[in-house]
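The structure under discussion appears below in the form of structure tokens.
Just so it is clear: chains get the letters A, B, ... in the order the sequence lines come, proteins before strands, and each one is counted from 1. Side chains included, hydrogens not; waters and symmetry mates left out as well; all remaining heavy atoms used.
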8 protein chains.
Amino acid sequence: MKKVGIVMGSDSDLPIVEKAIFTLREYDVPCEVHVLSAHRTPQQAKEFSENARANGFGAIIAAAGKAAHLAGAIAANTTLPVIGLPIKSSTLDGIDALLSTVQMPSGIPVATVAIDGAVNAALLSIQIIAVEDKELAEKLDSSRTEMSKKIIAKDKEISAKYNN
Amino acid sequence: MKKVGIVMGSDSDLPIVEKAIFTLREYDVPCEVHVLSAHRTPQQAKEFSENARANGFGAIIAAAGKAAHLAGAIAANTTLPVIGLPIKSSTLDGIDALLSTVQMPSGIPVATVAIDGAVNAALLSIQIIAVEDKELAEKLDSSRTEMSKKIIAKDKEISAKYNN
Amino acid sequence: MKKVGIVMGSDSDLPIVEKAIFTLREYDVPCEVHVLSAHRTPQQAKEFSENARANGFGAIIAAAGKAAHLAGAIAANTTLPVIGLPIKSSTLDGIDALLSTVQMPSGIPVATVAIDGAVNAALLSIQIIAVEDKELAEKLDSSRTEMSKKIIAKDKEISAKYNN
Amino acid sequence: MKKVGIVMGSDSDLPIVEKAIFTLREYDVPCEVHVLSAHRTPQQAKEFSENARANGFGAIIAAAGKAAHLAGAIAANTTLPVIGLPIKSSTLDGIDALLSTVQMPSGIPVATVAIDGAVNAALLSIQIIAVEDKELAEKLDSSRTEMSKKIIAKDKEISAKYNN
Amino acid sequence: MKKVGIVMGSDSDLPIVEKAIFTLREYDVPCEVHVLSAHRTPQQAKEFSENARANGFGAIIAAAGKAAHLAGAIAANTTLPVIGLPIKSSTLDGIDALLSTVQMPSGIPVATVAIDGAVNAALLSIQIIAVEDKELAEKLDSSRTEMSKKIIAKDKEISAKYNN
Amino acid sequence: MKKVGIVMGSDSDLPIVEKAIFTLREYDVPCEVHVLSAHRTPQQAKEFSENARANGFGAIIAAAGKAAHLAGAIAANTTLPVIGLPIKSSTLDGIDALLSTVQMPSGIPVATVAIDGAVNAALLSIQIIAVEDKELAEKLDSSRTEMSKKIIAKDKEISAKYNN
Amino acid sequence: MKKVGIVMGSDSDLPIVEKAIFTLREYDVPCEVHVLSAHRTPQQAKEFSENARANGFGAIIAAAGKAAHLAGAIAANTTLPVIGLPIKSSTLDGIDALLSTVQMPSGIPVATVAIDGAVNAALLSIQIIAVEDKELAEKLDSSRTEMSKKIIAKDKEISAKYNN
Amino acid sequence: MKKVGIVMGSDSDLPIVEKAIFTLREYDVPCEVHVLSAHRTPQQAKEFSENARANGFGAIIAAAGKAAHLAGAIAANTTLPVIGLPIKSSTLDGIDALLSTVQMPSGIPVATVAIDGAVNAALLSIQIIAVEDKELAEKLDSSRTEMSKKIIAKDKEISAKYNN
């Protein structure tokens, strides 16, 4: 199975990024985690992304805050799908990271998820790998069913509490 | 080869969406185009997305403006990768469509591209299909090389004009 | 008397939504509370809204955060008045929920209230039912009178404290 | 049948507001149109709204731009449902009118629709009147069916054009 | 001397508004404080403002949050200078109150100060009264001098600490 | 009668600023117009404002776009009421000028009006002068009456056109 | 004299960027112009910036729109001062480019100027070079004097027209 | 070596500004710290900036919040490079300070860094001085190398923790 790369611009992003790691583990999708900075270790970021396809990656999640260039910098050096995960930092509530990640110029797409949306970043990478992996697709489908069941259970609980 | 679905909330989105169609044609990736509205033809949207994997789709691009729910409505009914293309409409410069598309709740990811970023929506769908399609991946890589060459040519032209 | 439906996208919205429930109880307007997700239980959301008029509802309040599609998803399946209650979540201060709720396309209105404005969502649903219910309209009017009196009392208290 | 009041802060809002008038006519719902300004004719606005229920109105649409106080000023003097229609003006793309209309304090709801969303303002008022008017509710339902058919026809047309 | 009216939409605005009261007291400018709501006690607000000039007021400060209509509602009923003080509330960081206060239509100005800028609201009212009151103008000038001296003292303290 | 100073940061602001000049002329309030830049002629701006009270001014209107510092720079050198008129320029729709004008620090108020709100800037300056000028106050009041009459006439015209 | 590098992400930025080129020519500061894309020619961007100091550059102006990563990508590979020039593109009025340029992480500064502020980008680069170049500093000072004189002349012209 | 001036609008900015001071000390670049207010001590601000070049400064960092005019006020009186450091205050998350600092009119540039980006403000000033100071440039380069090493070490640590 193809691996998912998870890279973050700073280890301060880890509390959010961990949710992506744990989600991938739930699905038994192999992943590789790195701290790579578009601005502070550009050479490492470049090498990682240039070799990502050859190294067995199927998608790369890039998490960064503020002027979040990491996803774009990764995407500039690979034609694998790159998933941008904008991280909220101390000012502007993450809108800076969102716009810096999503407003990519024509030619270099970044698949952007919600601010701090680490679980969805992971699920998106799994969906990408599942396009050609029936078993994984079925796991995704049964997770959806589980998720529905939980909401339905919550609905029952709350209906019981308030409706009578 | 897996097909790419392209759905739009209204035919008024077509001038932007056409760029996605033409990009897919350049890469000889089969696509199927539909007008489907999360709010006005929810049943059709549901059926399309529920059956999309079985019908041979590998990714779905969903374009919509304003309170752009289409991508989310598609994503709610399939575990295929869904690409959200926010369309700028007459007010708010597209920020409403961007936030309505990207800020998805945990469990249902939408891979969002830039406002009016139809070419990138198409490229992202191609990248997803190319994960398991070497030939297509090579096409993407050579397009990148072409793109670089054009920029380099532009650089020469403009350098020649202004530097002397 | 027609009932008011109160649906929320997630039980985490309950602390806000409860204010709507309690307001309806104050007015003895019957209500039914559900957890329904546009994205995680779309089928349940569809069924609830398709049958809402037949089931005796007069208005539906839909509360959701982030890319708040719930009100729109309900409104897509009923022509009852649907009241959108945008919920503030961990990023963007609720502006994402507000725009996702209010910027609906032509044909499918959502009556949107303030971010976290649960009391007003309830009052609006009561006003709708009161259009053809004189007694309820009078209750609304006397509540207004009460409200005025409270403000006038506050004015007296504060005038006395600061003006002399 | 209850009438719908349509009031606008300035006759410059008429090009947008006319769409509401025409929508109400399509449904044969009687309406009464006024220019009333929260700031320039506050007395007239007050009298109109204080007497609106007695004068046979079932809902009031209030359209205004910039610091759009009209809907709130109407709502302060009636417990009928008041629908706020924020109008885009020369600066800020209508976000000022949207926030001034929707962010109402607890106790005085305004049912806000999209910026320049005049058709939806009218439809919402019709939905409110249709709560106790079966025939009108059926008209709304068949309009929805019509609308769906148009989208489905568009879908056929565009599918035929691009898919082959 | 003319009085300054200080009105607030809700007594929850008092912690901010008190700074305006205390500033006026420092300058011995008489003021009168009221809780008046554009939406909840519109009649009281109207009467206060209609009679304000006759009652010896020279300026009115109106503080309100969210869809802050109070300053506009006061300004609609008097031609005295009305100072709008936007109050930050639980969502949107006060930008809703700011836009609702400042974006007034032509004909009805509101002199808006910073979000939560109660001291400046008071100083502005004092400046207005000081236009024809030499002694008060001199007090304002000497306060400025005091303020400068404090900054200069701070500068010395901090220079001493960091420069050596 | 006290004069009103009207200063603008650039002569490109003149098309907006002229409306303020013409409004003052309608009320026969003397004004003096200057081009003064906080950044390009700071010395002239300083001298104008330092001497403004002695030179018979009662209020100063300062119009500027982008990082609109002019009103603040004037206010820093006088304790006369300074009215800030934010001008919309080629980007950001005037929100930069609005925030730069209104968000003044404690101690130095600027009475801010709407973006491009030149008429209101003038009216506010007239209101300030009218605090101690009964005749001018009466002129303001009769203008209000005129304004109301115009709206009422518009109301009649539009009522006649649409209601029958 | 040190050269100024001017790089732009796309030749579509040229109409704005040309103003920087012409400003540098007015001051006889040598410049070198390039089209370099952070995403489409990352290698060229890297090489240019890595060698910039050795190649005699004293500052680099980087112009880009949307998710404007170019200035950051240049700054990641040189410790020369890098000036970020955010370019307004078809959506969001340039706020995306501004935030993507200015919100840089600690360690890699970008000196950001106004959206489309090409003249100021050039002036800033000249100021940087003038720190150790007395003659150039004097040119900057006399330009300021010229600029003041123009404003003073405008002031005279407009004073004469409106004041009498 | 040229000195760096660090000025702040209020001593409440000191917790952020201190990071700039400490960064300059790390590089042994002499600095001088002042509290200077564009609005409260305009004369002191003017004198400081007018004499800054003669007094041996090579760059000036100006920190301010809200309607942050300080950097502009300094830049108006010197042709030295002025670095604007927008400070987040109690409302609007610093966007007011950012826009007030960066959106300078043509002719008077301010080199703006991120909101609360004090370290980068200092580094930018060091980069400016290092343009003609080889030794300092080398220090900057080796700091970059250090920074890279730290990230690489973090990468190892985190890789080891999550990849196995």
Side-chain angles (χ1 to χ4, degrees), chain A residues 3-25 29-48 55-57 61 63-70 73 88-97 99-100 118 122, chain H residues 13 15-19 23 63-66 68 84-102 111-121 123-124 127 140-164:
Chain A
K3 283 181 297 184
V4 172
I6 301 183
V7 304
M8 69 202 91
S10 158
D11 64 310
S12 66
D13 302 331
L14 197 54
I16 295 293
V17 170
E18 262 198 336
K19 296 181 203 172
I21 301 171
F22 296 156
T23 301
L24 284 160
R25 286 183 184 168
V29 171
C31 78
E32 206 180 299
V33 185
H34 287 291
V35 182
L36 288 175
S37 166
H39 301 115
R40 292 180 278 205
T41 58
Q43 191 57 31
Q44 281 71 15
K46 181 175 177 277
E47 278 163 27
F48 174 80
N55 286 338
F57 289 95
I61 295 167
K66 299 184 86 180
H69 299 188
L70 183 59
K88 174 179 168 173
S89 60
S90 58
T91 59
L92 297 184
D93 231 11
I95 194 74
D96 48 358
L99 295 179
S100 300
Chain H
D13 302 331
I16 296 293
V17 171
E18 263 199 335
K19 297 180 203 172
T23 302
K66 301 183 84 182
L85 170 54
I87 302 289
K88 173 180 169 173
S89 59
S90 58
T91 61
L92 296 184
D93 231 11
I95 193 74
D96 47 358
L98 173 57
L99 296 179
S100 300
T101 302
V102 79
T112 306
V113 296
I115 299 166
D116 286 354
V119 171
N120 275 359
L123 287 175
L124 182 56
Q127 289 181 341
L140 283 165
D141 286 337
S142 35
S143 281
R144 284 277 176 98
T145 312
E146 282 314 298
M147 195 167 65
S148 290
K149 279 185 190 158
K150 272 185 205 157
I151 307 265
I152 291 166
K154 274 284 169 201
D155 178 34
K156 282 224 175 92
E157 183 193 322
I158 281 172
S159 293
K161 189 172 166 197
Y162 293 101
N163 310 335
N164 35 46

Identify which part of [X] has an atom lying under 4.5 Å from any heavy atom of chain H, answering side chain, backbone, both or neither.
{"X": "Glu32(A)", "value": "both"}
{"X": "Ile6(A)", "value": "neither"}
{"X": "Gln43(A)", "value": "neither"}
{"X": "Leu92(A)", "value": "both"}
{"X": "Ser10(A)", "value": "neither"}

* **Working for side chain to side chain contact (heavy atoms under 4.5 Å, CB included), residues Ile152(H) and Gln44(A)** => CA-CA 8 Å; Ile152(H) 291 166; Gln44(A) 281 71 15; 3.2 Å; yes
* **Any donor-acceptor N/O pair, Lys19(H) side chain to Asp116(H) backbone, under 3.5 Å** => no
* Exam field: side chain Lys88(H) to backbone Ser90(A), donor-acceptor pair closer than 3.5 Å -> yes
* Asked: Regarding His34(A) and Ser159(H), is there a side-chain donor-to-acceptor distance under 3.5 Å anywhere?
  -> yes
* **Selection from Asp93(A), Thr41(A), Thr91(A) maximising heavy-atom pairs under 4.5 Å formed with chain H** => Thr91(A)
* Closest approach of Arg40(A) and Gly9(A), non-hydrogen atoms and distance? -> NH2-O, 4.2 Å
